[in-house]
Amino acid sequence: MVRTRFAPSPTGDLHIGGVRTALFSWLYARHCQGQFILRIEDTDRERSTDEAIQLILDGMDWLGLDADEGPFYQSDRNDNYNNSINKLMDSNHAYYCYCSKQELDAMREEAMSRGEKPKYDGRCRNRKAPPESYETHVIRFKSPVDGETIIKDLIQGEVRFQNSELDDLVIVRSDGTPTYNLSVVVDDADMKITHVIRGDDHLNNTPRQVNIFKALGMPVPEYAHIPLILDENGKKLSKRHGAASVLRYKEEGILAEALLNYLVRLGWSHGDQEVFSQEEMISLFELSDVNKSAAAINPDKLSWLNQQYLKDYDNETLASLLKEQFERLSIDCSDGPSLTDLCMVQKERVKTVQEMALQSRYFYENFEEFAPDAAKKHLRPVILEALQNIKGLFVELDSWEADSIQQAIKEFCEKYQIKMGKVAQPLRVAVTGNSVSPSIDITMELIGKERVLNRLDKALEFIQTRSQLDTSEGVT
RNA sequence: GCUCCCAUCGUCUAGUGGCCCAGGACGCUGGCCUCUCACGCCGGAAACAGGGGUUCGAUCCCCCUUGGGAGCGCCA
């Protein structure tokens with residue numbers, strides 16, 4: 001049974017780099033019909049916050065990355081760590097170290113000046129008794145001195161580390177709490193994790209962890225280190241670019257499905273395919289198809305994918321997302337067309353749900369002014385008479401539906417020998433206030449007859465005022 | 001500084017010695033469709049980091065250089 005895990009530390013936002021790690025882990029578990037475990041690594045009590053934990057849970061939930069077990073919290077597992085620490089001490093795989101901070105700093109500095117790696121030199125390793133005076137002590141792991149540790153990474157391939165490069169790392173702090181390298185190993189062992197899938201910033205830690213597994217007599221899991229994600233400039237993720245919470249994408253109107261699809265293609269591919277349903281992702285995902293190099297995020301491509309998903313999205317579901325956006329933007333959508341009808345006509349002309357909300361204000365709210373550029377171009381005296389006449393036709397219409405509206409406009413165009421485009425644009429500006437909207441017939445239907453007629457009056461008035469202004473200024 | 005990892009169009013990638021004077025996607029761009037916007041459709045420009053090998057033949061294998069990244073904490 002394959003068991004994978006996602007083990008974030010709640011010290012900051014769950015950003016898309018973390019999400020992709022979670023996604024790969026989750027996909028692999030699902031692909032193998034195994035289990036996916038969520039574990040919160042909160043051993044650093046200073047920096048861990050409840051708020052960050054909640055954000056992680058919310059993010060995972062939004063994306064549908066469901067865990068079969070957990071969330072487990074490291075802060076609840078002290079007994080497990082203590083057991084393992086005792087085991088290591090008893091089996092002579094760990095020892096007390098009494099070195100002071102100053103001593104360690106001096107040691108590192110000296111090593112650097114000699115052009116060596118700043119390692120701990122193991123001076124407390126064979127100490128029989130504590131020194132005369134000391135302030136505190138930590139526990140260090142006895143790392144093997146010679147030989148090499150080989151990692152057969154499922155993505156990076158075989159990676160060899162000389163054990164002489166590894167030093168005796170601290171596994172218990174002076175306050176008695178375990179450090180990361182000890183707790184991951186104990187947790188992964190206890191939780192019977194078979195495949196550790198994580199960012200390749202952990203690759204260098206891996207030999208240390210492997211050695212602890214061995215010292216504990218526990219089976220070493222398989223490792224798969226996935227490359228990091230870079231921001232759009234190819235730099236490390238920062239708050240400004242990509243490192244903000246994934247939930248921000250939700251706020252911006254990105255669909256969970258689209259984000260997942262986007263993320264799965266970062267570092268993984270299946271031939272030329274770009275769009276994957278969740279089922280396809282699960283059945284096609286293989287660790288052996290994951291790339292070794294870092295990938296930069298590309299907001300344009302995410303937008304494009306989002307649009308692809310949007311245009312085929314279920315109207316009912318989309319309507320509820322749209323409602324959230326309206327609320328977020330403080331747009332009152334109670335007086336106007338049904339949200340599902342709106343979704344139907346708007347979903348293929350916008351890139352995000354947020355954009356859809358922003359582009360749909362005029363269905364619910366009256367606008368104060370016509371967009372200047374649009375009005376200047378389309379609401380001109382030459383069109384005054386035509387608008388007046390066509391308004392008359394609209395007034396007479398019994399059924400206010402796209403079909404009948406369309407027919408009225410067509411008849412009008414034929415009668416007066418005007419091209420559709422000549423009248424549709426002025427109409428559009430008149431009833432929406434701007435020059436972009438769905439096709440004019442459906443737009444007018446959804447706005448509603450009364451509003452359309454009112455807005456036409458307003459437009460006619462606008463043109464008249466304008467033509468008077470023009471003549472008084474001697475301009476035509 | 002030391003150790004480890006990486007390197008195909010601007011970006012995401014296909015490619016596992018001949019199918020490649022390198023394919024797809026985003027973006028950019030020319031056009032078609034069209035009541036606007038968008039969708040859709042048809043075209044275009046755009047890459048194997050450099051140098052050595054190995055081989056009849058290298059994007060693909062090996063080495064070096066260069067360039068990126070990660071780690072070297074009582075952070076995770």
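Order of the sequence lines fixes the chain letters, A, B, ..., with proteins taken first and strands second; residue numbering starts at 1 for each chain.
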Whole-angstrom distance between B:C5 and B:G23, as gauged at atom C1': 28 Å

Of the options B:C74, B:C12, B:A70, whose atoms approach the side-chain atoms of A:A295 most closely? B:C12

Please classify the nucleic acid contact of A:S437 as base, sugar-phosphate, or nothing, using heavy-atom distances under 4.0 Å. base

Reading RNA chain B from 5' onward, which residue's closest nucleotide shows up sooner: A:N181 or A:R114? A:R114

Of B:A38, B:C12, B:A70, the nucleotide closest to the side chain of A:A296 is B:C12

Taking side chain to side chain donor-acceptor pair (under 3.5 Å) as the cut-off, I'd like each qualifying pair that reaches into residues 201-210 of chain A, sequence neighbours left out, listed once. A:D167-A:R208, A:Y180-A:H202, A:N181-A:Q209, A:R198-A:T206, A:R198-A:Q209, A:T206-A:H225

Comparing A:P8 with A:S435, nearest RNA chain B nucleotide closer to 5' gives the residue A:S435

Nearest to the A:V138 side chain among B:C35, B:C74, B:U3, which nucleotide is it? B:C74

Reckon A:E348 touches a base, only the sugar-phosphate, or nothing at all at heavy-atom distances under 4.0 Å? base

Measure from the side chain of A:E41, starting at C-beta and using heavy atoms only, and say which of B:C37, B:C35, B:A76 lies closest. B:A76

Between A:F276 and A:E280, which heavy-atom pair has the shortest distance, and what is it? CA-OE1, 3.5 Å

Would you mind classifying the nucleic acid contact of A:T43 as base, sugar-phosphate or nothing, using non-hydrogen atoms under 4.0 angstrom? sugar-phosphate

For B:C6 and B:G43, measure between their C1' atoms and round to the nearest Å. 36 Å

Encode nucleotides 16-32 of chain B as B, S and - characters from 5' to 3', where the letter depends on protein heavy atoms closer than 4.0 Å: B to the base, S only to sugar-phosphate, - to neither. -------BBBBS-----

If you take the centroid of each ring, where Trp contributes its six-membered ring, are A:F285 and A:W268 closer together than 6.0 Å? yes

